[in-house]
*Asks:* 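My structure is below; once you've seen it, I'll send some questions.
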Amino acid sequence: MFQRFFGRERHANRAITEALYAQIVAAARQAVFYSDWNVPDTPLGRFEMLSLHMFLFQHRLRGESGASTEVAQVLIDEFFLDVEHSLRELGISDVGVPKRMKKLAKMFYGRTAAYDDALERGDKEALAAALTRNVVPDAGEWPQAPLLAAYVADAARHLAAQPAESIASGTLTFPAAG
């Protein structure tokens, strides 16, 4: 009873949460994104890539039940805690953090809706356009967008082939980019 009251039950599998989140972060930090595909290697560029990989993870677990639902929620909470921590490391004041978090959450959910729609329709051009708008908003044209869109579609297929039980137990792999 006390465990539920204090939320310990939710964090009982901290090692699984950390393993999954580390795998998502590692996928988002693949060097090819920044060196070859011209994703800006800035806090915002890294947020975009982490958001994209978090979307792919959430997309994979959508519609699952049981432990997968819990894992998906814990990971999204972990993602936003990490974003908040990063804002504080960047020197954003305690007063400014909630405002920025609200803006970043809105950005995340807006992006996930656009990516989800394009993926569900199998529309790589719409996906490339959404990625361009979000990852390099000031570039106008981004020749590497189709490469990233192809990676996203491949990653979605790759994740779909992984059993939900395996993911819920802490095993997750993303394909190599490039």
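Side chains are part of it too, since the values below use all heavy atoms of this structure and drop only hydrogens, waters and symmetry mates.
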*Asks:* What I'd like to find out is whether the side chain of Val135 reaches to under 4.5 Å of the side chain of Pro40, using heavy atoms alone.
*Replies:*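 Yes; the side chains approach each other to less than 4.5 Å.
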*Asks:* Hey, any chance Leu81 and Leu50 share a hydrophobic cluster, counting ILVMFWY side chains that come within less than 4.5 Å of each other, even indirectly?
*Replies:*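 No; Leu50 is not reachable from Leu81 via cluster members.
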*Asks:* Assess whether side-chain contact (heavy atoms from CB on, under 4.5 Å) is satisfied between Leu148 and Leu52, documenting all intermediate values.
*Replies:* CA-CA 10 Å; Leu148 185 55; Leu52 178 61; 4.0 Å; yes
*Asks:* Within a reach of under 6.0 Å around CZ of Arg29, are more than 12 heavy atoms found that belong to other residues, nucleotides or ligands?
*Replies:*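 No, the 6.0 Å shell around CZ holds no more than 12 heavy atoms from other groups.
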*Asks:* Measure the CD-CD distance between Gln73 and Gln58 for me, rounded to the nearest 0.5 Å.
*Replies:*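 Here the interatomic distance stands at 7.5 Å.
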*Asks:* Is the count of non-hydrogen atoms from other residues, nucleotides or ligands lying under 6.0 Å from Glu125 atom CD greater than 12?
*Replies:*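 Atom CD in Glu125 is not packed in, count stays at 12 or less.
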*Asks:* Using the side-chain contact (heavy atoms from CB on, under 4.5 Å) rule, take Asp116 and Thr112 through it: C-alpha gap first, then chi angles, then the decisive distance, then the call.
*Replies:* CA-CA 6 Å; Asp116 189 54; Thr112 61; 5.8 Å; no
*Asks:* Sub-3.5 Å donor-acceptor pair from the side chain of Ser68 to the main-chain atoms of Glu165, do we have one?
*Replies:*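 Not at all, since once roles are kept as given, no pair shorter than 3.5 Å links the two residues.
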*Asks:* Test Arg62 against His59 for side-chain contact (heavy atoms from CB on, under 4.5 Å), laying out the working first.
*Replies:* CA-CA 5 Å; Arg62 184 180 57 206; His59 181 79; 3.3 Å; yes
*Asks:* Do Asn38 and Val136 come within less than 4.5 Å of each other through their side chains, counting heavy atoms only?
*Replies:*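 No, too far: nothing below the 4.5 Å cut-off.
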*Asks:* Honestly curious: do Leu44 and Ile24 fall in one hydrophobic cluster under the side-chain, below-4.5 Å linking rule?
*Replies:*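 The answer is yes; both residues are in one hydrophobic cluster.
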*Asks:* Give me the ring orientation class for Phe108 and Phe80: parallel if the planes are under 30° apart, tilted from 30 to 60°, perpendicular past 60°.
*Replies:*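 Phe108 and Phe80: perpendicular rings.
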*Asks:* In Å and rounded to the nearest 0.5 Å, what is the CG to CG distance from Leu61 to Leu56?
*Replies:*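 Here the rounded value is 11.5 Å.
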*Asks:* Does any pair with a residue in residues 139-160 pass salt bridge (charged side-chain N to carboxylate O under 4.0 Å, His left out), and if so which ones, sequence neighbours excluded?
*Replies:*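 Sorted pair list: Asp154-Arg157.
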*Asks:* Under the ring pair (Phe, Tyr, Trp, His ring centres under 6.0 Å) criterion, do Phe57 and Phe79 qualify, and how do the steps go?
*Replies:* CA-CA 11 Å; Phe57 175 79; Phe79 167 68; over 10 Å; no
*Asks:* Please check if the side chain of Arg111 supplies one atom and the backbone of Phe55 the other of a donor-acceptor pair under 3.5 Å.
*Replies:*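 Judged by distance alone, no pair lies under 3.5 Å.
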*Asks:* Which distance, rounded to the nearest 0.5 Å, do you find between the CD of Glu48 and the CE of Met107?
*Replies:*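 If I round to the nearest 0.5 Å, the distance is 5.0 Å.
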*Asks:* To the nearest 0.5 Å, tell me how far Leu172 CG sits from Tyr21 OH.
*Replies:*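 Reported value, rounded in 0.5 Å steps: 13.0 Å.
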*Asks:* Out of Val25, Ile167, Thr171, Val74, which one pairs with Leu20 under the side chain to side chain contact (heavy atoms under 4.5 Å, CB included) rule?
*Replies:*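 Of Val25, Ile167, Thr171, Val74, side chain to side chain contact (heavy atoms under 4.5 Å, CB included) with Leu20 is met by Ile167 alone.
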*Asks:* Side chains of Tyr34 and Arg46: does their closest heavy-atom pair fall under 4.5 Å?
*Replies:*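 With C-beta onward as the side chain, the pair touches.
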*Asks:* Check whether Ser35 reaches the backbone of Ala31 with its side chain - one donor and one acceptor, N or O, closer than 3.5 Å.
*Replies:*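 It does hold such a pair.
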*Asks:* With rounding to the nearest 0.5 angstrom, report the CE to CD1 distance, Met54 to Ile76.
*Replies:*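 Rounded to the nearest 0.5 Å, the CE-CD1 separation comes out at 5.5 Å.
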*Asks:* How many angstroms lie between CD1 in Ile16 and CG in Leu75, if you round to the nearest 0.5 Å?
*Replies:*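 It comes to 10.5 Å.
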*Asks:* Looking at Trp37, is its backbone amide N or carbonyl O close enough to the side chain of Trp142 to form a donor-acceptor pair, meaning the two atoms are under 3.5 Å apart?
*Replies:*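 Looks like yes, one N/O pair under 3.5 Å.
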*Asks:* Assess the residue pair Tyr151 and His158 against the criterion (ring pair (Phe, Tyr, Trp, His ring centres under 6.0 Å)); give the C-alpha distance rounded to whole Å, side-chain angles, the decisive distance to 0.1 Å, and a yes or no.
*Replies:* CA-CA 10 Å; Tyr151 166 80; His158 183 86; 9.5 Å; no
